[in-house]
Amino acid sequence: MIVILKKHPDQEKLRALLGGIEALGLKTNYSEGTETTIIGLIGDTTRVDVDAVRANDIVEDVRRVSEPYKKANRRFHPDDSIISVGGVKVGEGFFNVIAGPCSIESEEQLTSIAQEVKRSGATMLRGGAFKPRTSPYSFQGLENEGLRLLLRAREKTGLPIVTEIMSETQLEEFREVDLIQVGARNMQNFRLLKALGTCGKPILLKRGLSSTIEEFLMSAEYIMAGGNDQVILCERGIRTFETAVRNTLDISVVPLIKRLSHLPVIIDPSHAAGIAWMVEPLARTAVAAGADGLMIEVHNNPKAALCDGAQSLTPLQFDGLMRQMRSRVSFEGKQFP
């Protein structure tokens with residue numbers, strides 16, 4: 001349920017209204033937007049006397065919300081959320097490109113790629129320290145050493161760092177990471193999501209391989225229900241019957257989620273197709289659909305990469321892509337932070 005307030009409500013009456021609602025055992029989410037101020041009611045709203053609330057002279061209207069996600073719901077928060085990641089703004093009006101290797105292999109490799117992608121205009125550096133792999137015999141990442149190398153690359157380039165967490169037990173190790181990524185396989189790891197709700201850090205939440213939009217938003221809700229509103233959603237392709245590509249990019253997720261939610265949405269074209277030459281056209285599609293950014297894998301020698309070389313761009317290819325992105329992003333009315 002949401003309570004829509006009239007403009008410039010009396011503060012004493014507002015406090016009384018909030019107190020009365022919370023006395024019923026409900027939580028309130030107060031959102032003051034540019035045009036509308038809303039109180040979101042979270043909990044068992046059957047105890048609320050809708051007519052009595054509507055009769056309050058600071059209340060414009062009362063509406064019930066049928067969707068199970070509340071904090072992630074645009075009805076609860078009409079204005080687009082802007083998330084700050086290491087001082088970089090993510091959300092409506094801004095366009096960010098997160099770039100770097102799928103997995104960190106060495107300090108030389110990571111530092112070289114970090115410097116190259118920054119020169120081309122990337123706003124954040126990605127790199128996998130811990131790698132969830134289908135086969136237990138595949139390279140699993142450098143783990144804590146990889147985290148150390150990421151921090152060193154940030155010192156050298158100034159780029160905020162993005163890397164994937166595997167378990168709630170790692171939160172202390174990730175305390176210096178700027179943007180904590182939840183991978184597709186962990187989208188419904190509810191213990192992890194609850195823990196991230198209390199960590200106070202921005203979270204990049206990737207959509208699960210076979211998850212619906214509602215399930216995706218409910219996973220974001222888990223994080224936000226814990227008190228952490230700093231969530232960025234990432235579409236990375238879903239599993240369908242098609243075998244010509246690694247995954248099927250669901251580009252409809254961008255306009256759909258932007259209608260349903262206030263959270264930023266970015267696209268990962270690298271994982272979507274799993275084919276390097278397809279990254280560029282899918283990236284252009286993401287911009288046209290209104291995405292708030294891209295996440296792209298870049299490797300200085302894709303043929304020798306220990307993980308996902310087939311979908312990685314070389315630094316030269318990435319630079320060419322970024323040259324295209326600048327004009328397209330500007331045309332869509334966004335800007336690089």
Side-chain angles (χ1 to χ4, degrees), residues 81-104 107 109-131 141 146-165 174-184 196 199-206 228 230-236 263-272 279 282-283 286-287 291-300 308 311-313 315 317-319 321-323 325-326 329 334-337:
S81 286
I82 304 294
I83 313 297
S84 179
V85 180
V88 174
K89 293 180 179 180
V90 182
E92 188 60 33
F94 301 98
F95 194 86
N96 284 272
V97 177
I98 304 168
C102 174
S103 89
I104 300 162
E107 181 172 2
Q109 171 241 20
L110 181 62
T111 301
S112 171
I113 294 172
Q115 291 169 337
E116 292 274 11
V117 298
K118 181 181 181 180
R119 251 192 308 272
S120 297
T123 51
M124 289 182 241
L125 173 66
R126 63 148 292 153
F130 297 85
K131 295 300 302 176
L147 285 179
R148 185 184 69 80
L149 296 180
L150 263 178
L151 293 172
R152 186 170 292 179
R154 182 177 65 187
E155 288 177 7
K156 293 181 178 180
T157 63
L159 291 175
I161 55 174
V162 185
T163 194
E164 183 174 350
I165 194 169
F174 277 65
R175 67 186 182 278
E176 293 187 66
V177 173
D178 297 295
L179 180 59
I180 299 176
Q181 176 182 316
V182 177
L196 293 173
C199 76
K201 281 189 166 293
I203 309 299
L204 179 68
L205 178 65
K206 283 197 163 188
N228 187 356
Q230 305 173 86
V231 180
I232 301 166
L233 303 173
C234 180
E235 164 64 31
R236 44 81 71 203
L263 298 175
V265 185
I266 70 169
I267 295 290
D268 177 350
S270 300
H271 279 91
V279 170
L282 294 182
V287 174
D292 299 304
L294 300 168
M295 190 174 195
I296 297 175
E297 293 189 355
V298 180
H299 196 285
N300 49 2
D308 288 349
Q311 66 195 37
S312 297
L313 301 183
Q317 290 170 328
F318 178 73
D319 187 66
L321 174 63
M322 289 299 290
R323 291 177 189 276
M325 288 299 102
R326 285 191 187 91
V329 167
K334 296 178 182 284
Q335 63 181 21
F336 282 93

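Throughout, numbering of the chain's residues begins at 1 and tracks the sequence.
Between the S270 side chain and the I296 main chain, no donor and acceptor come within less than 3.5 Å of each other. Judged by distance alone, the side chain of K334 and the main-chain N or O of D292 form no donor-acceptor pair under 3.5 Å. Looking at N228, its side chain does come within 3.5 Å of a backbone N or O of L196 through a donor-acceptor pair. Side chain of Q230 to main chain of G200: a donor-acceptor pair is present (N/O by atom type, distance under 3.5 Å, no hydrogens or angles). For K201 (side chain) and V177 (main-chain N/O), a donor-acceptor pair under 3.5 Å exists by modelled atom type. In this structure, T111 contributes its side chain and A153 its backbone to no donor-acceptor pair below 3.5 Å.
L150 and G127 make their closest contact through CD1-O, 3.6 Å (heavy atoms, listed as atom of the first residue, atom of the second, distance). Heavy atoms only, all atoms of each residue included: A122 and A99 are closest at CB-CB, 4.1 Å. Heavy atoms only, all atoms of each residue included: A129 and T163 are closest at N-OG1, 3.4 Å. Contact between G146 and I104 at its shortest, heavy atoms only, is O-CD1, 3.4 Å. I98 approaches V162 most closely through the heavy-atom pair CG2-CG2, 3.9 Å. What you find for D178 and P160 is that their closest heavy atoms are OD2-CA, 3.2 Å.
Residues M325 and V287 form a side-chain contact, since some pair of their non-hydrogen atoms from C-beta on lies under 4.5 Å apart. When side chains are defined from C-beta on, E297 does not count as touching V279, because their heavy atoms never get closer than 4.5 Å. At least one side-chain heavy atom of V298 sits under 4.5 Å from a side-chain heavy atom of P315. Between M124 and V88 the shortest side-chain heavy-atom distance falls below 4.5 Å. Side-chain contact between I266 and N96 is absent, with no heavy atoms from C-beta onward closer than 4.5 Å. In this structure the side chain of N300 reaches within 4.5 angstrom of the side chain of Q109, judged on heavy atoms. Side chains of F130 and L147 form a contact here, defined as non-hydrogen atoms less than 4.5 Å apart. For the pair I83 and L179, the minimum side-chain heavy-atom distance is 4.5 Å or more.
Atom NE2 of H271 is separated from atom CG of L282 by 13.5 Å, given to the nearest 0.5 angstrom. How far CZ of R152 is from CZ of R148: 4.5 Å, rounded to the nearest 0.5 Å. L204 CG to I165 CD1: the interatomic distance, rounded to the nearest 0.5 Å, is 12.5 Å. One finds the CD atom of Q115 at 10.5 Å from the CG atom of L125 (value rounded to the nearest 0.5 Å). Residue R236 holds its CZ atom at 11.5 Å from CD1 of I267, rounded to the nearest 0.5 Å. If you take CD on E176 and CZ on R154, they are separated by 6.0 Å, rounding to the nearest 0.5 Å.
For CZ of R326, the number of neighbouring non-hydrogen atoms (other residues, nucleotides, ligands) closer than 6.0 Å is greater than 12.
Contacts of F318 classified as ring pair (Phe, Tyr, Trp, His ring centres under 6.0 Å), with partners at least two apart in sequence or in another chain: none.
A salt bridge is absent between R126 and E164; no separation between the charged side-chain nitrogens and carboxylate oxygens falls under 4.0 Å. Between R119 and E116 a salt bridge is recorded (basic side-chain N to carboxylate O distance below 4.0 Å).
When each of T123, L159, I113 is tested with K118 by the rule side-chain contact (heavy atoms from CB on, under 4.5 Å), just one qualifies, namely L159.
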